[in-house]
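Numbers restart at 1 for each chain; the letters A, B, ... are given by sequence-line order, proteins then strands.
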Protein chains: 4
Amino acid sequence: MSNMSKKLLIDVDCGVDDAQAIMIALAARNVQVLGITCVQGNTAVENVCKNVLRVLSVCGQLKIPVFKGASKPILGVPIDAGHFHGQDGLGDAPDPNAPGLELLQEEGAVQALVRIVNQHPGEVSLVATAPLTNLALAVRIDPTISQKLKELYIMGGNTESRGNTTTCAEFNFACDPEAAYIVLNDYLCPTYIACWEFTCRSKLPWEFCKDWLAQDTKKARFMSQIFKHSIDACKTKRIDTALVAGQGFIPCDAYALAAAIDDTFILESDELPVTVELSGTHTRGMMVVDTLDTLKKTHKATIMKKVDLEKFKQMLMDSLK
Amino acid sequence: MSNMSKKLLIDVDCGVDDAQAIMIALAARNVQVLGITCVQGNTAVENVCKNVLRVLSVCGQLKIPVFKGASKPILGVPIDAGHFHGQDGLGDAPDPNAPGLELLQEEGAVQALVRIVNQHPGEVSLVATAPLTNLALAVRIDPTISQKLKELYIMGGNTESRGNTTTCAEFNFACDPEAAYIVLNDYLCPTYIACWEFTCRSKLPWEFCKDWLAQDTKKARFMSQIFKHSIDACKTKRIDTALVAGQGFIPCDAYALAAAIDDTFILESDELPVTVELSGTHTRGMMVVDTLDTLKKTHKATIMKKVDLEKFKQMLMDSLK
Amino acid sequence: MSNMSKKLLIDVDCGVDDAQAIMIALAARNVQVLGITCVQGNTAVENVCKNVLRVLSVCGQLKIPVFKGASKPILGVPIDAGHFHGQDGLGDAPDPNAPGLELLQEEGAVQALVRIVNQHPGEVSLVATAPLTNLALAVRIDPTISQKLKELYIMGGNTESRGNTTTCAEFNFACDPEAAYIVLNDYLCPTYIACWEFTCRSKLPWEFCKDWLAQDTKKARFMSQIFKHSIDACKTKRIDTALVAGQGFIPCDAYALAAAIDDTFILESDELPVTVELSGTHTRGMMVVDTLDTLKKTHKATIMKKVDLEKFKQMLMDSLK
Amino acid sequence: MSNMSKKLLIDVDCGVDDAQAIMIALAARNVQVLGITCVQGNTAVENVCKNVLRVLSVCGQLKIPVFKGASKPILGVPIDAGHFHGQDGLGDAPDPNAPGLELLQEEGAVQALVRIVNQHPGEVSLVATAPLTNLALAVRIDPTISQKLKELYIMGGNTESRGNTTTCAEFNFACDPEAAYIVLNDYLCPTYIACWEFTCRSKLPWEFCKDWLAQDTKKARFMSQIFKHSIDACKTKRIDTALVAGQGFIPCDAYALAAAIDDTFILESDELPVTVELSGTHTRGMMVVDTLDTLKKTHKATIMKKVDLEKFKQMLMDSLK
Ligand SMILES: [Ca+2]
Ligand SMILES: [Ca+2]
Ligand SMILES: [Ca+2]
Ligand SMILES: [Ca+2]
């Protein structure tokens with residue numbers, strides 16, 4: 001591994017699109033995954049840990065350390081958001097050979113996050129594709145990590161009040177609004193956000209998905225099995241109405257990861273101050289874009305608007321090879 | 001006046017775009033303006049009343065009854081929203097010949113609204129281009145008006161959390177969120193809404209505005225005088241950042257009125273349940289579009305998306321002739 | 001009726017304690033009841049109207065005008081607060097000879113309230129023993145009544161966050177928090193409040209209640225019938241835990257009315273600024289006593305702390321004679 | 001130190017009453033202080049650490065480990081609550097011989113809290129006399145500590161909506177409402193709370209304070225110096241109006257600590273479910289006592305109502321000897 005490789009730390013609630021993101025990272029050249037931290041979200045944190053180990057196992061990368069993190073959001077009350085990715089987060093596909101939780105690190109995810117960032121100041125790209133609970137706890141325990149990070153990539157939030165979980169909130173932010181608030185306000189490193197509406201508008205054709213899964217590899221067969229449940233769910237009315245730009249293959253978490261490993265991936269973006277609504281009846285968990293500069297914040301996030309979809313397809317294809 | 005004429009009741013906080021809307025109504029054939037009710041918003045309610053009388057005077061229509069309404073929003077606390085249309089709401093242009101407030105009706109606006117709708121059941125088109133305080137009070141005092149109205153046209157609210165007054169709220173809704181909530185939830189007649197983002201995207205070129213004002217008529221000279229302040233304000237950074245689709249002539253209130261007097265004006269729209277956020281820190285007063293049907297409301301509003309701008313230009317030209 | 005008589009306007013949601021309050025007023029010397037306005041609360045507004053007519057009928061005072069008011073709270077969403085006083089508000093006791101609603105005035109309660117206060121400037125004592133919806137609407141339609149009232153007596157709210165309906169809110173305020181907010185902030189006349197904790201601590205012995213009802217009169221028999229349901233309800237665990245000072249006869253609304261008709265009734269009180277919490281999860285509708293003067297309000301309410309219970313017993317006894 | 005000794009962990013924002021609490025613990029027989037964790041509150045966390053070291057130094061107990069904790073509340077926004085105990089938290093009394101921060105442990109307070117509780121399962125009595133940030137973070141990082149604690153003593157919150165910092169909130173809870181919410185909902189061990197109104201009603205005479213400080217010891221001279229600022233502040237109108245039961249010596253934090261070290265200290269208490277209001281305009285941070293059992297919580301807190309003031313005086317006297 002060369003000195004030029006990007007150092008990634010990935011925080012996941014390992015549903016299917018987290019798995020897709022992780023597999024892109026594992027397949028990428030010049031990328032070193034320092035660790036994967038787990039948090040509840042799509043499923044209970046124990047399932048998340050198991051799912052990550054299954055992905056690493058399929059990819060032959062069980063040497064990457066996996067850490068168990070928060071089992072509850074900051075306030076402690078999980079939302080009832082259904083199980084888009086199945087009860088177990090990976091499509092409830094049977095997996096008799098799944099690795100056991102004894103492969104997890106003893107160290108907790110929050111402590112690991114703090115330690116790793118401190119060990120590589122200015123070098124770590126943190127990719128968060130889950131409720132931001134672990135990140136929020138880490139910055140409260142060690143506020144200095146906010147400046148020691150190289151950059152932060154987030155899948156979550158929304159820009160136009162289009163909710164996919166509650167009326168006005170996206171899943172990752174809706175699961176832990178306080179954590180999202182803390183991260184958007186206290187992480188002062190360069191921050192890139194792949195929001196819900198953006199991912200919807202960056203959908204890929206279902207035909208591409210078919211070709212992608214049809215590759216004759218162990219990884220493609222694994223992905224076909226775990227993805228089936230979500231593909232079916234996408235066709236239901238409940239999910240269809242949430243899709244901002246109509247039907248398509250939308251591997252949400254993978255957009256954030258793709259941006260993290262390729263600096264030329266983002267083609268258009270907005271630089272704007274952002275925060276999170278905590279107290280609204282319909283808007284709790286909604287990302288707030290402060291276009292009018294009402295909040296007088298100095299830190300601005302980079303909100304993705306357009307990305308290189310050809311590169312994205314290539315990354316996805318490579319990830320199952 | 002033929003039996004076929006549309007019966008309009010107009011509720012205004014008479015800033016310049018309210019004046020533009022009123023003048024379109026007065027110039028329209030087959031439109032009968034039953035009355036104009038006034039409410040605080042762009043300026044104090046006394047100024048609003050005076051402004052309406054000035055518009056009617058310029059148009060030679062002082063026989064139309066004008067009613068003074070609420071001087072405060074429902075909760076009683078006016079927001080500090082600056083004075084886009086000048087202190088007096090009409091550009092602070094001197095008007096030594098302005099009619100006096102003795103021309104106002106004795107009856108209050110809320111009582112008049114209730115009475116007029118009851119006198120013409122199924123016939124009145126109500127056009128609201130101001131904070132919705134009067135409408136909210138009216139439906140609490142007489143809940144039956146909600147079904148006796150023919151239809152309701154509103155300029156206000158937003159669909160994508162783009163605020164022009166607070167971070168996430170549009171002016172008319174931000175001025176009285178409770179009133180907007182009451183109207184969107186208790187008026188069950190067909191309801192058409194011209195939201196902030198829609199009006200921004202339906203802007204007219206400033207060149208058109210120039211030609212419009214250059215007509216050699218008394219009305220055009222009046223409009224030039226009262227509009228000057230707002231035209232200048234549009235060029236400031238504060239207003240410019242609020243414009244969703246860039247610079248242009250955006251006579252907000254006039255879109256709602258145009259839709260009310262011409263059934264073919266709206267070319268594209270969405271039918272969706274809507275409500276208003278009342279308790280958010282950043283989102284209080286934001287219109288909430290319930291795409292996911294989370295609220296299980298049976299009543300849906302018609303949200304304007306595209307209108308016939310050529311017809312709009314013609315209406316505007318005619319209004320100053 | 002002498003010139004020296006007190007002019008009372010009573011706003012009720014006629015449960016049993018409203019009936020007790022009305023009957024005290026009707027029995028009092030030197031008191032002129034100008035009208036009774038009705039509002040939803042303990043039961044639907046139509047039931048409230050009927051209940052008031054029944055009380056007036058029993059007392060032979062059907063000449064007092066009764067007005068129908070708001071059928072919903074300000075925001076339009078009634079709370080589900082059970083039916084302490086029975087479904088019909090008066091203990092569901094059969095009453096074949098109840099007067100019909102044709103005896104109601106044509107004029108609405110809000111309009112009547114505005115008119116009557118304007119007809120007797122500086123003379124009317126308004127007693128409100130219900131959700132404050134009518135009062136809130138009235139002051140928005142005519143802000144001048146706030147100064148034209150002689151004084152305002154309210155049963156409602158709490159001082160120590162002890163709720164009897166929600167965790168932290170008293171029934172009348174919980175039913176319409178916005179109305180309570182508007183009244184406490186916009187009525188600037190002398191204001192006296194009988195709060196929940198105060199009424200609990202001013203309980204009368206159940207033995208007194210027994211003697212009171214045992215009087216051999218038509219009124220006492222009527223009261224016995226309508227009161228039975230609530231007396232039984234008081235012994236349930238649900239109500240018992242709400243009682244701040246233990247079991248006893250607590251005719252809540254009657255304390256406010258007694259204070260209105262006898263200036264020597266209040267023995268101890270606090271003069272403090274008050275408002276209402278509108279947005280709390282557990283505290284919506286809670287009365288807020290601004291001991292620290294955080295809100296910098298100039299208007300202070302008189303919060304009753306101790307009253308003359310011997311006088312109170314006498315008023316109650318007289319009311320059923 | 002015998003096996004029978006109580007193992008105390010103390011979490012402080014070391015103002016003067018925290019110092020008083022610590023000194024009682026240090027003077028108590030059969031009490032082993034396992035560590036002192038610091039958090040921002042009365043002053044910045046660096047000052048808090050320094051203040052604790054100063055107290056330990058005066059008492060000759062610098063061997064007790066001191067840990068630096070959170071520098072911000074959970075949401076990151078400190079309230080502007082003035083500086084009752086002076087800018088430095090200990091009355092701004094000069095102290096040229098104060099120990100340096102190099103005496104602090106390397107380990108963070110949250111990590112230490114988790115470790116120590118795990119090392120002594122079922123044995124640790126945690127006394128929290130500060131904003132509850134450290135405790136909240138600890139239980140999110142290791143949820144098992146909630147059951148491994150022997151018991152938890154808190155100074156904070158209120159029972160009757162009497163605020164001393166905001167209109168309805170007590171200082172420790174107002175400083176970090178989310179932390180208070182997390183602790184009251186997620187710590188399931190026996191929990192004892194010394195609330196604001198209780199401490200006010202358990203005041204000691206200023207005469208006692210005078211005698212207490214007049215002892216001819218190094219500790220008494222230290223206490224006199226650091227206490228002077230707060231004693232003066234108590235006489236100001238701002239503080240006087242906050243005092244629920246009038247003037248007196250109220251060493252708030254010391255009540256919680258006294259209860260922790262002597263099981264016979266509490267004479268009367270209520271067992272009730274409690275939580276914290278997070279979203280109210282006036283009530284954010286207010287403790288909510290669920291008398292009506294609306295929340296259906298199974299865990300109840302012990303709310304102190306009456307304590308043995310003679311024992312308390314003796315503990316205070318002993319602490320300066
Ligand atoms: Ca995810
Ligand atoms: Ca307007
Ligand atoms: Ca009542
Ligand atoms: Ca303290």
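No part of B:Asn185 comes within reach of chain C, as not one of its non-hydrogen atoms sits under 4.5 angstrom from that chain. Heavy atoms closer than 4.5 Å to chain C are found in both the backbone and the side chain of B:Ile74. With a 4.5 angstrom heavy-atom cutoff, B:Ser71 touches chain C only via side-chain atoms. In this structure, no portion of C:Val139 lies under 4.5 Å from any heavy atom of chain B.
To the nearest 0.5 angstrom, B:Ile182 atom CD1 is 10.0 Å from C:Lys72 atom NZ.
When each of B:Asn134, B:Val110, B:Ile141 is scored by its heavy-atom pairs under 4.5 Å with chain C, the top score falls to B:Ile141.
Proximity of a side-chain donor or acceptor of B:Arg140 to a complementary backbone N or O of C:Pro73 within less than 3.5 Å is detected.
No more than 12 heavy atoms of other residues, nucleotides or ligands lie within 6.0 Å of NZ in B:Lys300, so this atom counts as exposed by the packing criterion.
Nearest heavy-atom pair, B:Tyr181 versus C:Leu75, reported as atom, atom and distance to 0.1 Å: CE2-O, 3.4 Å.
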